[in-house]
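What follows is a short report on a single structure.
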Amino acid sequence: MGFKLSNSAFNEYLISLKEKYKVYAPVTLKGKGTFSDTDSIRYSEVYSIEEMTLDKKSHFSFKELVLPITQTLFYFTEDSWIEPKIEEKEILIFLRSCDLHGIRPIDQIYLNNGYEDPYYKALREKIKFVLIGCGESFENCFCASMGTNKSFNYHMALNYKNEEVCIDIKDEDLLELFKGIDFLEEKDVSPNYVESNEISVKVPDNLDQRILNSKVWNEYSSRCIACGRCNFVCPTCTCFTMQDIFYKDNPKAGERRRVWASCHIDGFTTMAGGHEFRKDKGEKMRYKVMHKVYDFKKKFGYQMCVGCGRCEDICPEYISFSNCVNKLNEAMKEVE
Ligand code: SF4
Ligand code: SF4
């Protein structure tokens with residue numbers, strides 16, 4: 001059901017939602033950007049629509065809410081272990097269409113890849129999504145090329161412009177909590193989406209492993225500084241490493257944590273005995289790009305990359321992921 005309502009009525013609805021849900025949306029963190037006097041837009045718990053940043057792309061994705069950057073899996077002593085308590089409230093996340101598509105590959109890896117990860121599952125089952133309609137395409141977005149510019153599998157959708165809030169509520173529980181809210185008008189609401197972006201990307205139809213021998217990767221051996229930032233902002237990167245933390249006051253007790261990992265950073269492929277695959281930065285770039293637009297699709301039938309452009313926004317070396325993918329068309333001719 002669709003409704004038009006004022007900012008204050010929407011804020012009342014948020015109060016009603018917060019009885020049952022923790023509500024997260026992108027917010028602007030003043031002065032927390034990479035460079036001095038720049039801001040960072042990332043996810044935080046919100047209490048009103050005024051706190052949300054709805055007219056810009058967030059620098060970090062919603063991923064840190066489903067897959068925390070650092071997650072304690074259990075606490076241990078010498079002869080016992082215990083899992084941390086899970087937050088009782090359910091979670092409501094405001095996100096854009098590309099990101100809503102991004103949950104599919106994460107679910108694929110953590111729930112539908114031959115094993116159900118219990119920690120991920122416990123959190124995932126609590127989450128509902130509110131789609132933020134996109135009134136315009138942002139810098140470096142190429143969602144239309146990746147087919148992620150539209151989404152309809154949301155629990156609620158929101159179009160926000162000039163202090164006018166329009167929502168479409170599909171989820172019965174969210175509709176129940178809307179009862180008693182003073183809306184302006186009942187109307188059909190369909191989430192806004194962009195038809196095209198300034199950047200378009202064409203993954204070569206004939207892309208295959210012969211590309212491993214192309215010279216296209218050499219450029220990245222010198223340009224990439226292996227900082228891993230592109231992985232951390234990506235809504236679909238799912239790799240993690242494990243850390244056992246031993247407490248200083250009792251070294252026989254501690255906790256096991258799951259922590260985000262990056263395929264660009266040294267040590268990602270280090271094996272027992274010290275052998276390391278892909279030491280060269282160009283080879284690491286090749287691994288990431290091929291995972292995003294080739295091998296994941298080969299295994300699961302759809303592209304992993306959702307075209308959000310965040311890897312490009314954040315790269316300190318101005319390395320363009322979309323340019324790189326487009327270069328693969330020529331690179332395939334080179335190796336054929
Ligand atoms: S690879 Fe880049 S464009 Fe694709 S989903 Fe990840 S961050 Fe977004
Ligand atoms: S953000 Fe740029 S420089 Fe850093 S690892 Fe990714 S591609 Fe390399």
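We number each residue from 1, following the sequence as shown. First listed ligand is number 1; within each ligand, the first listed atom is number 1.
A pairwise comparison of heavy atoms in H59 and R310 identifies O-CD, 3.3 Å as the closest pair.
By the neighbour-count criterion of 12 heavy atoms within 6.0 Å, atom CD of E336 is densely surrounded, having more than that number from other residues, nucleotides or ligands.
A salt bridge between E330 and K333 is present, with a side-chain N of the basic residue lying under 4.0 Å from a carboxylate O of the acidic one. Note on K327 versus E219: salt bridge recorded, some NZ/NE/NH1/NH2 to OD/OE distance being below 4.0 Å. A salt bridge is absent between K56 and D39: the closest approach of a Lys/Arg side-chain nitrogen to an acidic carboxylate oxygen does not fall below 4.0 angstrom.
With a 4.5 Å cut-off on side-chain heavy atoms, E50 and N11 count as touching. C263 is listed as a side-chain neighbour of Y287, based on a closest heavy-atom distance under 4.5 Å.
Atoms of ligand 1 found under 4.0 Å from any heavy atom of G309, numbered from 1 in the order shown, are 3 (S), 8 (Fe). Which parts of ligand 1 touch F142 is read off a 4.0 Å heavy-atom cut-off, strictly below it: atoms 3 (S).
K284 meets the salt bridge (charged side-chain N to carboxylate O under 4.0 Å, His left out) test with D266; sequence neighbours excluded.
We find the CE-CZ distance between M242 and R256 to be 5.5 Å, quoted to the nearest 0.5 Å.
Shortest contact from atom 4 (Fe) of ligand 1 to any protein heavy atom: C305 SG, 2.4 Å. Among protein heavy atoms, atom 8 (Fe) of ligand 1 sits closest to C308 SG, 2.4 Å. The nearest heavy-atom contact from the protein to atom 5 (S) of ligand 1 is V306 N, 3.4 Å. Here the heavy atom of the protein found nearest to atom 6 (Fe) of ligand 1 is C234 SG, 2.4 Å.
Closer than 2.8 Å to atom 6 (Fe) of ligand 2 sit the protein N, O or S atoms C230 SG.
Residue contacts with ligand 1: V233 is excluded, as none of its non-hydrogen atoms falls under 4.0 Å.
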